[in-house]
Protein chains: 2
Amino acid sequence: MNGRILPQCGVERFLILLDGPWATLIVRELLRGPQRFTELRGALTGISAHTLTHRLRRFEQHGLVKRTAYAEIPPRVVYELTPLGASLQDVLSAMNDWGTTVPEAALTAS
Amino acid sequence: MNGRILPQCGVERFLILLDGPWATLIVRELLRGPQRFTELRGALTGISAHTLTHRLRRFEQHGLVKRTAYAEIPPRVVYELTPLGASLQDVLSAMNDWGTTVPEAALTAS
DNA sequence: CGGCATCCATTAAGATACTG
DNA sequence: CAGTATCTTAATGGATGCCG
């Protein structure tokens, strides 16, 4: 569907930039502050290095995340949200508010 | 990732119930009011009957959408959001607000 | 430590054809 | 009209191993 001609409304833009189930969770984690690769991986239970790398690269390309690599031994890489990425806070809050109102029954029925 | 044990926070619930790129767009369309299958299909440019059916069935199971079938010739089926589904309005608004602030450059870089 | 390369499993989604 | 059935494709995501 991503190849389609989408009307460039706000919702579509959000969906294009935050596609995949992990995208939103990574942003939420980075909203807590700048973090290293390993910190992110530890916080996001179940994510693989492969996936985390790809998501972060994509965010970087889209200007949502800033990557800073320190040429040390061992190497250290810190990821942090750009102002654009940080402004996702409002959307995440809305999602969280809605999710907490969802009854258990809606989730078990799958 | 859906098989993982997720902390049952709000954001996770939202992501589980609105998975896939079409889910959010279907909800946005239904926020305009109850609609028939064909109306939805026409409004969601590019969606296939197959996909629309699956998404609607899933929403129905989760209590986000109510399906009403009229035994007429030709048959008529109307979908409408439940109160739970309608309460997604706030999240959609937040997404839309954020998306409109995204610069063009973030989208072209893909 | 922070990746990348490769292979593989799962799934959303499209195309097509057909039915009550 | 509103689906269902089947097949196929594309993409996300996981597992493993290697590298600077």
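Every value quoted in this text rests on a predicted model; they were computed, and no experiment measured them. All chains are named by letter (A, B, ...) in the order of the sequence lines, taking the proteins before the strands, and each is independently numbered beginning at 1.
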Under 4.5 Å side-chain linkage, directly or through intermediates, the cluster mates of A/Y70 | A/V78
Evaluate the ring planes of B/F37 and B/Y79, with Trp represented by its six-membered ring, and classify them as parallel (under 30°), tilted (30 to 60°) or perpendicular (over 60°).
-> tilted
Could you state the atom-to-atom distance from CG of A/L44 to P of D/dG14 in whole Å?
-> 10 Å
By side-chain hydrogen bond (donor to acceptor under 3.5 Å, both in side chains) - contacts of B/T82 (at least two apart) = none
Can you tell me the distance, in whole Å, between the CD1 atom of B/I73 and the P atom of C/dG20?
-> 12 Å
Inter-axis angle, terminal five-pair segments of the helix from C/dC1-D/dG20 to C/dG20-D/dC1 [nearest 10°] = 50°
Between CG of A/L18 and P of D/dT12 the distance, given in whole Å, is 13 Å
Does B/S48 have a side-chain nitrogen or oxygen under 4.0 Å from the phosphate oxygens OP1 or OP2 of C/dG14?
-> yes
Exactly one candidate in B/L64, B/I16, B/L84 meets side-chain contact (heavy atoms from CB on, under 4.5 Å) with A/V102; the answer is B/L84
For A/L40 and C/dG2, give me the distance from atom CG to atom C1', rounded to whole Å.
-> 12 Å
Protein-to-nucleotide contact annotation, 5' to 3' order, nucleotides 1-6 of chain D [B base; S sugar-phosphate only; - none; under 4.0 Å, heavy atom] = BSSB-B
Send over the distance from A/L15 CG to C/dA12 P, rounded to a whole Å.
-> 16 Å
Any side-chain donor near an acceptor of the partner, A/S87 and B/W98, under 3.5 Å | yes
Atom pair distance, as rounded to whole Å: CZ in B/R58 and C1' in C/dT11 = 11 Å
How close or far is atom C1' of C/dA13 from atom CZ of B/R55, stated in whole angstroms?
-> 9 Å
Tell me: CG of B/D19 to C1' of D/dA11, nearest whole Å?
-> 15 Å
Below 4.0 angstrom, N of the basic side chain to O of the carboxylate: do B/R28 and A/E12 qualify?
-> yes
Which residue pairs satisfy the salt bridge (charged side-chain N to carboxylate O under 4.0 Å, His left out) criterion with at least one member in residues 72-88 of chain A, sequence neighbours excluded?
-> A/K66-A/E80, A/E72-A/R76
Among all residues two or more places apart in sequence or in another chain, which pass the side chain to side chain contact (heavy atoms under 4.5 Å, CB included) test with B/T100?
-> B/N96
Test: B/R41 and B/E29 ion pair at under 4.0 Å = no
